[in-house]
Amino acid sequence: MTKQVKSGSRENIYSLKGFGHVFRFTFLQTLKNKGFLVSAIMMILMMTFMRPLMYYMGKGGANAAQSLGDTLSNIEAEKMYILNETDIEMSRIDIASEDAKPKEGTLNPDKVVLYGKSEANADELLGKLGAKEILVVIRPSATGYDVNAVIADTSDIQIKSMDHAVNYTRGIFESARKKQMKLDDQALKSINSGITKGGVLTVAEYADEKTHTMSKAELSGIAFGFSMLIMLVATLAGSFVITSVNEEKQSKLAESLLVSVRPMALLMGKVVGMLSFVTATVILGVIGSITMDAVMKNVMHIDMSSINTQGQFNLAIFTSYGAVGFVLFFAELIITLLSFGVFAGVLGSACSKTEDQQSATGILTMLVMVAYMVSIMGAAQETLIPKAALIPPVSYIMAPVAYVSGRIGVGELLGSIAIQIALLIGMVILAAKTYRNLLLMDASKPKLATIFQAAKG
């Protein structure tokens, strides 16, 4: 049964009268919620100590990598080209000796061809790659050096042989640069910068990879970290909004509030109050991360450029990619929380009983999980990234990640944000048309049919 609203003068459905009162009440109630406080403290600590953790984890990984014993006898190929695009000099002496006895079907030392950066270029070598030949490219990067194995589009080389080729080349390159170094500051910096193991690429993929500002591994690390952050705050904030709205509806408090507070003010006060709490948490995390960076640099004397974030769970995203990265990630966080918050408010107002909250929270959680899972999978599939960066709710995560990693340009980024804002405006309009009616409606479950019925009413 639906309770009718008294007719009278036409009400401005977008009025925010009473917003300030609801906002202050929601923010203070959030501060009193132990669950939110614990989650906020955990997030601040994670953002503060993520860079030191990455440093020591990377250092341990580098030590473990040095123990790899890949040799030419592990590489099943007919020929291997090594293109050294760095200033570290390599020679035939660094390659396995001529008297080595390779297994049948694996590389002979004389089938390894070494080129310096002035002797050949990648395009020339890519053009003559055979089905059983490998090209390994060593090139400088922002964090040290990248070692990538490239195969022909129709290659017969197995993935395990590609991995062995990368490990083998990385090992001889590490030996060559240690011989060339001296124990001055620049040498120590070069040693600490590390060598990044790249992926297995076809010729077409390698051409695309040259336009990117970071590797697939670092892209996956950013997507993992930002999607985890979105999943945590969107689920918690949405659940709080749903619970708060439903409790007010059951206690009849909503009916009393609607006398002095406009419906949109009641909803947006809750959403923005929750958003302010999350924003304050992120800002404290950023301050903690910047402070820890200063401690590592000036007290612990750690070269910050030696911290390799590739392939790691990176929650230092707000301080790792400059002012543009900070603004972009922060803006996406706000748009995401506003969108999920408004949607959660509409779902909560369609509930009539406490058990209905489970259905509403389930719908919200499912959407957040879809965004999380598709973002993780999309980061591993280059062809999916431009599409995922345009489709909400996945684009909330993938748009900033794809932009800072060089997978999409400014045009695609602005297009993605425009779609997100248009969707947010649409949800606000829907909320304005339905929120009062849903609060006064004895609906059984938070169904889309119920919401559209309220919009017509």
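Throughout, residue positions are numbered sequentially from 1 according to the sequence presented.
- Applying the salt bridge (Lys or Arg N to Asp or Glu O under 4.0 Å) test to residues at least two apart or on different chains, the pairs with a partner in residues 269-288 are E248-K270.
- Within the 4.5 Å cutoff, the side chain of T169 has heavy atoms near those of the M80 side chain.
- Here the closest heavy-atom approach between residue V342 and residue M427 is recorded as CG1-O, 3.7 Å.
- Once rounded to the nearest 0.5 Å, the distance linking CG of L37 with CZ of F277 reads 5.0 Å.
- Each of F226, Y403, Y396 was checked for a ring pair (Phe, Tyr, Trp, His ring centres under 6.0 Å) with F329, and the lone residue meeting it is F226.
- Counting all heavy atoms, side chain and backbone alike, I397 lies closest to A223 at CG2-O, 4.3 Å.
- Residues A149 and V166 come closest through the heavy atom pair CB-CG2, 3.4 Å.
- Under the 3.5 Å distance criterion, the side-chain polar atoms of S244 are left unmatched by any main-chain donor or acceptor of V241.
- The closest side-chain heavy-atom distance from Y81 to L129 is below 4.5 Å.
- M264 places a side-chain heavy atom less than 4.5 Å from the side chain of V428.
- Considering CD of Q357 and CG of N246, their distance stands at 4.0 Å, rounded to 0.5 Å.
- Looking at heavy atoms from C-beta onward, F36 lies out of side-chain contact with L31 at the 4.5 angstrom threshold.
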Side-chain donor-acceptor pairs of residues 415-424 under 3.5 Å, sequence neighbours excluded:
from, atom 1, to, atom 2, distance (Å)
S416, OG, A389, O, 2.5
S416, OG, Q420, NE2, 3.1
Q420, NE2, E332, OE2, 3.3
Q420, NE2, S395, O, 3.3
Q420, NE2, S395, OG, 3.3

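- Of the possible polar contacts, none joining the S161 side chain to the I157 backbone as a donor-acceptor pair under 3.5 Å is found.
- Remark: side-chain polar atoms of D293 are not paired, donor with acceptor, to backbone N or O of K297 under 3.5 angstrom.
- Between the side chain of N298 and the backbone N or O of A294 there is at least one donor-acceptor pair closer than 3.5 Å.
- Interatomic distance, NE2 of H164 versus CD1 of I134, reported as 10.5 Å (0.5 Å rounding).
- Side-chain atoms of R170 never come within 3.5 Å of backbone atoms of Y168 as a donor-acceptor pair (strictly under, hydrogens ignored).
- The side-chain contact (heavy atoms from CB on, under 4.5 Å) test with L126 is passed by exactly one of L83, V137, L135: L135.
- The shortest distance between side-chain heavy atoms of S289 and M50 does not fall below 4.5 Å.
- Listed here is the closest heavy atom pair of L430 and T434: O-OG1, 2.8 Å.
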* To do: Test side chain to side chain contact (heavy atoms under 4.5 Å, CB included) on T279 and F330 and set out the steps.
  => CA-CA 9 Å; T279 300; F330 205 80; 3.2 Å; yes
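- The backbone N or O of V346 sits less than 3.5 Å from a side-chain atom of S349, completing a donor-acceptor pair.
- N108 contributes atom CG, which lies 11.0 Å from atom CD of E78 (distance to the nearest 0.5 angstrom).
- When all heavy atoms of S276 and F23 are compared, the closest pair comes out as OG-CE1, 3.2 Å.
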Listed pairs under 3.5 Å, donor-acceptor, residues 367-381 side chains, sequence neighbours left out:
from, atom 1, to, atom 2, distance (Å)
S375, OG, A371, O, 2.6

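- From L275, atom CG reaches atom CG of L333 across 7.5 Å, with rounding to the nearest 0.5 Å.
- L337 contributes atom CG, which lies 8.0 Å from atom CE of M274 (distance to the nearest 0.5 angstrom).
- Remark: T281 pairs with no residue by the side chain to side chain donor-acceptor pair (under 3.5 Å) rule, at least two apart or across chains.
- Separation of the F326 and Y321 ring centroids does not fall under the 6.0 Å cut-off.
- Not a single ring pair (Phe, Tyr, Trp, His ring centres under 6.0 Å) links Y435 to another residue, sequence neighbours left out.
- Remark: the backbone N or O of A131 is paired with a side-chain donor or acceptor of S155 at under 3.5 angstrom.
- Residues T106 and N74 are not in side-chain contact: their nearest non-hydrogen atoms beyond the backbone lie 4.5 Å or more apart.
- At least one donor-acceptor pair under 3.5 Å links the side chain of E133 to the backbone N or O of G130.
- Across every non-hydrogen atom of L390 and E412, the tightest pair is CD2-O, 3.8 Å.
- For the pair M47 and V286, the minimum side-chain heavy-atom distance is below 4.5 Å.
- The main-chain N or O of L28 is never found under 3.5 Å from a side-chain atom of K32 such that the two would form a donor-acceptor pair.
- Scanning for salt bridge (Lys or Arg N to Asp or Glu O under 4.0 Å) contacts around K117 gives D87, with sequence neighbours left out.
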* Residues V272, T26; criterion side chain to side chain contact (heavy atoms under 4.5 Å, CB included); working and verdict -> CA-CA 9 Å; V272 177; T26 301; over 6 Å; no
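- Contact check for M90 versus I138: side-chain heavy atoms found under the 4.5 Å cut-off.
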* Could you give me the CA-CA distance, side-chain angles and deciding distance for F173 and T86, then say whether side chain to side chain contact (heavy atoms under 4.5 Å, CB included) is met? => CA-CA 10 Å; F173 178 73; T86 75; 3.4 Å; yes
